[in-house]
> 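Submitted below is the structure of interest, expressed as structure tokens.
Note that the structure is a prediction, hence the values are computed from the model and not measured.
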Amino acid sequence: MSEEISRQEDFVLRTLEERGIRFVRLWFTDVLGYLKSVAIAPAELHNAFAEGIGFDGSAIEGFARVTESDMLAKPDAATFTILPWRTAAPGAAKMFCDITMPDGSPSASDPRNVLKRTLEKAAQMGYTCYTHPEIEFFLFKSQPVKGEIPEPVDQGGYFDHTPSPVGHDFRRQAITMLEAMGISVEFSHHEGGPGQQEIDLRYADALTTADNIMTFRHVVKEVALDQGFYASFMPKPFTDHPGSGMHTHFSLFSGEENAFFESGAQYQLSAVGRSFVAGVLKHAPELSAITNQWVNSYKRLTGGGEAPAYATWGHNDRSSLVRIPAYKPLKDNSTRIEVRSPDSACNPYLAYAVIIAAGLKGIEENYVLAESINPVALPTNLDEAIIAMESSELVRTTLGADVFEYVLLNKRAEWNDYRRQVSAYELSRYLPVL
């Protein structure tokens, strides 16, 4: 154990005692991006740091078969925070976990480990990856009833300061909660759809960002419930309004230097940055079943507006898959790219892993970013995304064979279930006339 990890664990144990924390929630994420949790008493935490907490991996989506179900959740002390909505005695805290096998080796099925492997490859190439997500979601007046159209909390539009206090009061409370947990927020505003909100997190390394997104989604739902509302990260709940994306800004740093910056280059984007973009564009269709993993995700991508339908890039075109934001003079570190395909219901660990892997492959193989390209269409439904992913060696290598095969199996089952359903559209259109 490194001295830094030992100090972090000592800090956690001391804080629990000083603050009278009685419950420690250990969080991790399954392959589909659902947050899992187990609570332990502080007295058990020392052993949890040393040995992990055992659980049945076969009961978690994508983790293990029944014959190899024993797994361990080992808390990462660097992710420790006190839960601000559990401040009354006895308080509670949380930590994210890394999932290991009984022999202590990292689980190949742990999404957090998938991202770590990709970031280790980036480090071997001399890079640290930083990310900055813009997370969109909807607020509804109540939890939607199956089969009914949800009712948004307002009829506001982009940047509207709605007369109702719902939106900005909600965002203020959510941001206060996030910052109490050490998650810095850069912007917040009403988005384009009725009841639609956006909160942007500050730049952090990619692993920290993925952890923060999982915390963010939980906090947003907690605050919504506290205020009597319901928050949803469903990619497109309304036919005639924009969907919820998670546009993410990426940059690579080599030490203190921004590897994407080159003074005098077009958009100040370096050769490394251009090859990274070329990698993302070339492999984008293969990544879609990960960045846009649900049947409903493709209603957003094909629904027009500012959602990308083609693997294109540009400077001011917000329908591009990759956008190069304006360079800020005297701020070399601000040079970055914005990938606009992921939605806010993806598994952030897996989505970031495949996007970064595609960019790194572009750098490794010196992909050329053409000024004008024949745009390649992104998949228009989950079935097309599955087909594109099936033959992708990049995605298989990045995810590992176990996660790769599980995702394909799960997504095929989702698509088959979806396509056999008789929809409300079919009933309303055909039943009266046929």
> Taking ring pair (Phe, Tyr, Trp, His ring centres under 6.0 Å) as the definition, give me every residue that meets it alongside Phe253, ordered by chain and number, with sequence neighbours left out.
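Partners of Phe253 by the ring pair (Phe, Tyr, Trp, His ring centres under 6.0 Å) criterion, ordered by chain and then number, come out as Tyr130.
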
> Just to verify, what does Lys361 make a salt bridge (charged side-chain N to carboxylate O under 4.0 Å, His left out) with, not counting sequence neighbours?
Glu365

> Ignoring hydrogens and angles, state whether a donor on the side chain of Asp200 or His189 is under 3.5 Å from an acceptor on the partner side chain.
no

> For Phe260, enumerate each residue passing the ring pair (Phe, Tyr, Trp, His ring centres under 6.0 Å) test, keeping only those at least two apart in sequence or located in another chain.
Phe276

> For Phe138, run the ring pair (Phe, Tyr, Trp, His ring centres under 6.0 Å) check against Phe238, Phe233, Phe229, Phe170 and tell me which one passes.
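Passing option: Phe238.
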
> Between Tyr298 and Ala385, which heavy-atom pair has the shortest distance, and what is it?
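The pair with the smallest heavy-atom distance is OH-CB, 3.1 Å.
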
> So does Ile149 have more than 12 non-hydrogen atoms from other groups sitting under 6.0 Å from CD1?
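12 or below, so no.
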
> Can you confirm if the aromatic rings of Phe250 and Tyr352 lie within a centre distance of less than 6.0 Å?
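Yes - the distance between ring centres of Tyr352 and Phe250 falls below the 6.0 Å cut-off.
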
> Restricting to side-chain contact (heavy atoms from CB on, under 4.5 Å), what partner residues turn up for Glu257, sequence neighbours left out?
none

> Are the side chain of Arg19 and the backbone of Ile82 linked by a donor-acceptor contact shorter than 3.5 Å?
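Such a contact is absent between Arg19 side chain and Ile82 backbone.
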
> Counting distance only, does the side-chain N/O of Asp343 pair as donor-acceptor with the main-chain N or O of Ser297 below 3.5 Å?
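Checked: no pair found.
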
> Which heavy-atom pair separates Val220 from Ala231 by the least distance, and what is that distance?
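Shortest heavy-atom separation between Val220 and Ala231 comes out as CG1-CB, 3.6 Å.
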
> Could Asp98 and Lys74 be called an ion pair, given the rule that one side-chain N must be under 4.0 Å from one carboxylate O?
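Answer for the salt bridge query: no.
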
> Go through it in stages, so that I can follow the logic: the residues are Met181 and Val219, the test is side-chain contact (heavy atoms from CB on, under 4.5 Å), and I'd like the CA-CA distance, side-chain angles, deciding distance and then a yes or no.
CA-CA 10 Å; Met181 299 180 75; Val219 167; 3.8 Å; yes

> How far does NZ of Lys221 sit from CG of Leu225, to the nearest 0.5 angstrom?
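That separation rounds to 8.0 Å.
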
> Please check: side-chain N/O of Ser341 versus main-chain N/O of Val339, any donor-acceptor pairing under 3.5 Å?
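It does not hold such a pair.
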
> Tell me if a side-chain donor or acceptor on Ser270 pairs with a main-chain N or O of Gly273 at a distance below 3.5 Å.
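Side chain of Ser270 to backbone of Gly273: a pair is present.
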
> Using a 4.5 Å cut-off on heavy atoms from C-beta on, say whether the side chain of Trp27 contacts that of Cys97.
no

> Quick one: list whatever passes salt bridge (charged side-chain N to carboxylate O under 4.0 Å, His left out) with Glu364, sequence neighbours left out.
Lys121

> Taking salt bridge (Lys or Arg N to Asp or Glu O under 4.0 Å) as the cut-off, I'd like each qualifying pair that reaches into residues 231-249, sequence neighbours left out, listed once.
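For residues 231-249, and leaving out neighbouring residues, there are no salt bridge (Lys or Arg N to Asp or Glu O under 4.0 Å) pairs at all.
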
> Please name all residues satisfying side-chain contact (heavy atoms from CB on, under 4.5 Å) with Glu51, sequence neighbours left out, ordered by chain then number.
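Glu51 satisfies side-chain contact (heavy atoms from CB on, under 4.5 Å) with no other residue.
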
> Assess whether side-chain contact (heavy atoms from CB on, under 4.5 Å) is satisfied between Val407 and Asn410, documenting all intermediate values.
CA-CA 5 Å; Val407 169; Asn410 181 275; 5.9 Å; no

> Does Glu338 pair with Arg336 as a salt bridge, N-O distance under 4.0 Å?
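No, no charged N to carboxylate O under 4.0 Å.
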
> Please determine if Asp110 and Lys116 form a salt bridge, counting it only when a charged side-chain N lies under 4.0 Å from a carboxylate O.
no

> Examine distances only and state if a side-chain atom of Glu136 and a backbone atom of Gly245 form a donor-acceptor pair shorter than 3.5 Å.
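Present.
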
> Begin with the C-alpha distance, continue with both residues' side-chain angles, and end with the deciding distance and a verdict on side-chain contact (heavy atoms from CB on, under 4.5 Å) for Ile135 and Ile199.
CA-CA 6 Å; Ile135 311 174; Ile199 299 178; 5.7 Å; no

> Donor-acceptor check, side chain of Gln197 to backbone of Gly195, threshold 3.5 angstrom: yes or no?
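Flag set: sc Gln197 to bb Gly195 pair under 3.5 Å.
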
> Judged by atom type as modelled, is there a donor-acceptor pair below 3.5 Å linking the side chain of Arg112 to the main-chain atoms of Leu207?
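A pair under 3.5 Å: no.
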
> Considering residues at least two apart in sequence or located in another chain, which fulfil the salt bridge (charged side-chain N to carboxylate O under 4.0 Å, His left out) criterion with Arg274?
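Counting only residues at least two positions away or on another chain, Arg274 forms a salt bridge (charged side-chain N to carboxylate O under 4.0 Å, His left out) with Glu371.
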
> Looking at Arg22, I want to see if its CZ is surrounded by more than 12 non-hydrogen atoms of other residues, nucleotides or ligands under 6.0 Å.
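Check fails, neighbour count at 12 or below.
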
> Could you tell me the separation between the CG atom of Leu269 and the OG atom of Ser251, rounded to the nearest 0.5 Å?
11.0 Å

> State plainly whether the residues Arg7 and Asp10 are in salt-bridge range, i.e. N to O under 4.0 Å.
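Between Asp10 and Arg7 there is no salt bridge, as every charged N stays at least 4.0 Å from the carboxylate O atoms.
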
> Quick one: does Glu414's side chain have a donor or acceptor within less than 3.5 Å of a partner on Leu382's backbone?
no

> Please evaluate residues Arg396 and Glu405 with respect to the criterion salt bridge (charged side-chain N to carboxylate O under 4.0 Å, His left out), reporting the C-alpha separation (whole Å), side-chain torsions for both, the decisive distance (0.1 Å), and the verdict.
CA-CA 8 Å; Arg396 176 183 286 275; Glu405 294 297 341; 2.8 Å; yes

> What is the distance from atom OH of Tyr127 to atom CG of Leu119, rounded to the nearest 0.5 Å?
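Separation between the atoms: 14.5 Å.
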
> First locate atom CG of Leu287, then atom CG of Asn292, and finally report the distance between them rounded to the nearest 0.5 Å.
9.5 Å

> Do any pairs count as a ring pair (Phe, Tyr, Trp, His ring centres under 6.0 Å) and have a residue in residues 192-215, sequence neighbours left out, and if so which ones?
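Pairs touching residues 192-215 that pass the test: His132-Tyr203.
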
> Would you name the heavy atoms of Leu378 and Ala284 that are closest together and state the gap between them?
CD2-CB, 3.8 Å

> With rounding to the nearest 0.5 Å, note down the distance linking CG in Asp30 to CG in Asn347.
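Taking CG in Asp30 and CG in Asn347, the distance rounds to 7.5 Å.
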
> Going by heavy atoms in the side chains, are Phe404 and Met389 under 4.5 Å from each other?
yes

> Does Ala353 have any side-chain contact (heavy atoms from CB on, under 4.5 Å) partners at least two apart in sequence or in another chain, and if so, which?
Val114, Leu115, Thr118, Thr398

> Let me see the working for Met71 and Thr100 under side-chain contact (heavy atoms from CB on, under 4.5 Å), right down to the final yes or no.
CA-CA 6 Å; Met71 288 186 165; Thr100 72; over 6 Å; no

> Looking at Tyr230, is Lys141 sitting on its ring face, NZ or CZ under 6.0 Å from the six-membered ring centre and within 45 degrees of the normal?
no

> What closest approach, in Å, do Leu321 and Ala311 show between heavy atoms, and which atom pair accounts for it?
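Heavy atoms only, the tightest pair is CD2-CA, 3.9 Å.
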
> Could you list the residues that satisfy salt bridge (charged side-chain N to carboxylate O under 4.0 Å, His left out) with Lys299, not counting sequence neighbours?
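Here no residue qualifies.
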
> Do His190 side-chain atoms and Gln196 backbone N/O form a donor-acceptor pair below 3.5 Å?
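It does hold such a pair.
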
> Out of curiosity, Leu394 CG to Lys282 NZ, how far, rounded to the nearest 0.5 Å?
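Rounded to the nearest 0.5 Å, the CG-NZ separation comes out at 10.0 Å.
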
> Compare every heavy atom of Glu262 with every heavy atom of Ala271, then report the nearest pair and how far apart it is.
N-OE1, 3.6 Å

> Do you know the tightest heavy-atom contact between Met101 and Pro106?
CG-O, 4.4 Å

> Would you check if the side chain of Gln268 reaches a backbone N or O of Gly264 as a donor-acceptor pair within less than 3.5 Å?
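Yes, the answer is positive, given that a donor and an acceptor are paired below the 3.5 Å cut-off.
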
> Before accepting this row, confirm whether a basic side-chain N of the pair Asp383/Lys411 lies closer than 4.0 Å to the acidic partner's carboxylate O.
no

> Tell me, please, which residues at least two apart from His247 pass ring pair (Phe, Tyr, Trp, His ring centres under 6.0 Å).
none

